[in-house]
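What follows is a set of notes on a single structure, which appears directly below.
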Amino acid sequence: MTDSVLQKSQIKAEGTATTKLEAMREASEILLEAGSVTADYLPAMIEREKSVSTYMGNFLAIPHGTNEAKNAILKSALSFVRYTTPIDWDGNPVHFVVGIAGIENEHLDILSKIAIIFSDDDQVQALRDADGVDEIFTQLEEVNE
């Protein structure tokens with residue numbers, strides 16, 4: 001990957017969504033503003049969610065588009081939104097929504113890096129406690145490596 005998949009501008013320390021759909025919209029809007037997806041990506045995220053929940057455990061959901069949405073992805077990128085009040089994600093509490101868009105198979109590499117971070121309870125707690133975008137970015141920087 002030539003460009004970083006995560007920039008500070010793609011992190012929201014205080015998400016405003018209160019429902020799963022709003023959270024997916026919030027995550028996709030960041031990807032849209034970053035120039036990594038077209039407006040067709042959100043419907044593909046919603047479609048994916050209908051077939052399989054993107055709840056990953058440890059307060060994390062990773063909504064992403066269907067395979068048919070490849071044309072809506074312009075470049076690989078992440079969006080990261082943190083919620084103080086958890087979002088109800090199919091009965092699971094979610095404090096972090098990571099929107100993901102990957103060219104070719106880059107999303108698999110990105111997903112594995114996110115999974116490593118969120119498999120560590122201490123790192124998850126540190127992300128919950130982080131004081132703003134700068135601290136969150138520092139903790140997530142390894143996804144760009």
Side-chain angles (χ1 to χ4, degrees), residues 1 3-70 72-103 106-144:
M1 285 178 264
D3 290 337
S4 297
V5 294
L6 184 64
Q7 311 280 344
K8 285 184 184 178
S9 61
Q10 291 156 234
I11 297 172
K12 202 169 187 180
E14 294 296 330
T16 57
T18 57
T19 66
K20 181 169 82 166
L21 181 60
E22 288 173 0
M24 288 195 303
R25 183 173 291 121
E26 200 163 19
S28 72
E29 283 172 1
I30 293 169
L31 293 172
L32 191 62
E33 287 167 17
S36 69
V37 300
T38 68
D40 293 334
Y41 199 64
L42 177 60
M45 288 172 107
I46 294 167
E47 197 56 39
R48 159 82 62 191
E49 199 66 39
K50 285 179 188 169
S51 62
V52 62
S53 175
T54 56
Y55 176 72
M56 299 294 156
N58 232 352
F59 308 113
L60 171 69
I62 307 180
H64 54 285
T66 58
N67 291 337
E68 294 73 35
K70 287 186 189 113
I73 301 171
L74 307 173
K75 66 178 184 177
S76 296
L78 284 177
S79 60
F80 184 92
V81 186
R82 180 179 67 179
Y83 297 95
T84 305
T85 303
I87 302 284
D88 178 346
W89 208 279
D90 307 319
N92 300 295
V94 166
H95 285 280
F96 308 99
V97 175
V98 177
I100 189 165
I103 297 286
E106 285 186 358
H107 67 285
L108 299 174
D109 187 37
I110 298 164
L111 276 171
S112 70
K113 290 175 181 174
I114 293 291
I116 289 165
I117 293 167
F118 277 87
S119 66
D120 183 331
D121 291 341
D122 292 338
Q123 282 193 282
V124 173
Q125 190 59 50
L127 283 166
R128 286 183 71 181
D129 296 340
D131 186 24
V133 170
D134 289 344
E135 266 187 49
I136 292 171
F137 182 74
T138 299
Q139 292 178 45
L140 296 174
E141 240 175 336
E142 60 200 70
V143 301
N144 287 327

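All of these numbers come straight from a predicted model, not from anything done at the bench.
Here the rule is ring pair (Phe, Tyr, Trp, His ring centres under 6.0 Å) with Phe118, and of Phe59, Phe96, Tyr55 only Phe96 fits it. None of Val98, Leu140, Leu31, Leu111 except one satisfies the side chain to side chain contact (heavy atoms under 4.5 Å, CB included) rule with Leu78; the exception is Val98.
When atom types are taken as modelled, the side chain of His95 and the backbone of Tyr83 share a donor-acceptor pair closer than 3.5 angstrom. Under the 3.5 Å distance criterion, the side-chain polar atoms of Glu142 are left unmatched by any main-chain donor or acceptor of Lys113. Put simply, the side chain of Tyr41 gets close to the backbone of Gly65: a donor and an acceptor are under 3.5 Å apart. Side-chain N or O atoms of Glu14 include none that pairs as donor or acceptor with a backbone N or O of Thr84 at under 3.5 Å. Within the 3.5 Å criterion, the main-chain N or O of Ser76 finds no donor-acceptor partner in the side chain of Glu106.
Ion pairing of Arg25 with Glu22 is absent here, as no side-chain N (NZ or NE/NH1/NH2) approaches a carboxylate O to less than 4.0 Å.
The shortest heavy-atom contact between Ala17 and Ala23 is CB-N, 3.3 Å. Nearest heavy atoms, Ala130 versus Ile136: CB-CG1, 3.7 Å. Taking each heavy atom of Thr19 and Ile87 in turn, the nearest pair found is C-CG2, 3.7 Å. Across every non-hydrogen atom of Pro43 and Ala39, the tightest pair is CD-O, 3.4 Å.
The shortest side-chain heavy-atom distance between Leu127 and Ile117 falls under the 4.5 Å cut-off. Considering only heavy atoms from C-beta on, Asn67 comes within 4.5 Å of Arg48 through its side chain. You'll find the side chain of Asn144 reaches within 4.5 Å of the side chain of Val5, heavy atoms only. Put simply, the side chain of Val97 reaches to within 4.5 Å of the side chain of Pro63, judged on heavy atoms. Put simply, the side chain of Ile46 reaches to within 4.5 Å of the side chain of Met24, judged on heavy atoms. Put simply, the side chain of Lys12 does not reach to within 4.5 Å of the side chain of Arg82, judged on heavy atoms.
Considering OG1 of Thr54 and NZ of Lys20, their distance stands at 7.0 Å, rounded to 0.5 Å. Taken to the nearest 0.5 Å, the CD atom of Gln125 stands 12.0 Å off from the CD atom of Gln123. Atom-to-atom distance recorded for Ser28:OG and Glu33:CD is 9.5 Å, nearest 0.5 angstrom. Rounding to the nearest 0.5 Å places OG1 of Thr38 at 7.5 Å from CG of Leu32. Rounded to the nearest 0.5 angstrom, His64 NE2 and Ile100 CD1 are separated by 7.5 Å. Note: Ile103 CD1 to Leu74 CG = 7.0 Å, rounded to the nearest 0.5 Å.
Asp129 CG: more than 12 foreign heavy atoms inside a 6.0 Å radius.
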- prompt: What's the verdict on side-chain contact (heavy atoms from CB on, under 4.5 Å) for Thr85 and Thr18, showing C-alpha distance, side-chain angles and the deciding distance?
  reply: CA-CA 8 Å; Thr85 303; Thr18 57; over 6 Å; no

